[in-house]
Amino acid sequence: NDILTAGLGLAITGGAVGQAKLVQLGNNYVYLYGGSGGLVIGNGDGTTILKIDGTFIWETSSSERMRLDASGNLAIGGSGFTDKLTVMNK
């Protein structure tokens with residue numbers, strides 16, 4: 001098991017990433033900042049993903065399950081909104 005140790009945090013720049021940071025602050029939380037396009041947290045095969053880029057999108061098995069937009073609209077079961085709370089495929 002390889003471990004990367006960085007005393008003040010880790011910054012990743014260049015390439016397709018833009019800029020990303022991983023830091024632990026004095027409040028003992030770990031902060032992961034995405035590149036200029038947002039932040040994606042997922043597993044190795046891409047079947048479970050949390051993507052944050054102004055809109056929170058929850059995916060499992062490569063399918064969108066829930067979306068929260070910048071206006072506070074929440075859609076469960078898909079990405080379309082018809083009201084503040086939309087539940088699809090009931």
Side-chain angles (χ1 to χ4, degrees):
N1 294 335
D2 294 331
I3 298 174
L4 174 64
T5 303
L8 297 175
L10 176 65
I12 304 165
T13 60
V17 174
Q19 183 176 8
K21 296 178 184 177
L22 176 66
V23 296
Q24 181 178 4
L25 299 180
N27 61 6
N28 211 28
Y29 285 95
V30 173
Y31 291 82
L32 177 59
Y33 300 96
S36 59
L39 173 67
V40 175
I41 301 171
N43 63 359
D45 64 7
T47 58
T48 304
I49 296 175
L50 171 61
K51 178 181 178 185
I52 305 166
D53 65 353
T55 298
F56 291 90
I57 300 171
W58 288 265
E59 295 180 357
T60 60
S61 302
S62 300
S63 295
E64 185 169 320
R65 306 299 181 186
M66 186 165 58
R67 175 182 292 240
L68 177 64
D69 72 7
S71 299
N73 299 317
L74 178 64
I76 300 172
S79 60
F81 296 102
T82 57
D83 212 333
K84 285 299 238 183
L85 173 62
T86 303
V87 179
M88 292 163 266
N89 301 324
K90 300 181 212 178

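As a basis for the values below, the full set of heavy atoms in this structure was taken, side chains included, without hydrogen atoms, waters or symmetry mates.
What you find for E59 and E64 is that their closest heavy atoms are CG-CA, 4.0 Å.
Contact annotation: the side chain of M66 approaches that of L74 to within less than 4.5 Å [non-hydrogen atoms, C-beta and beyond]. Looking at heavy atoms from C-beta onward, L85 lies in side-chain contact with I76 at the 4.5 angstrom threshold. Between W58 and L68, the closest side-chain pair of non-hydrogen atoms falls below 4.5 Å.
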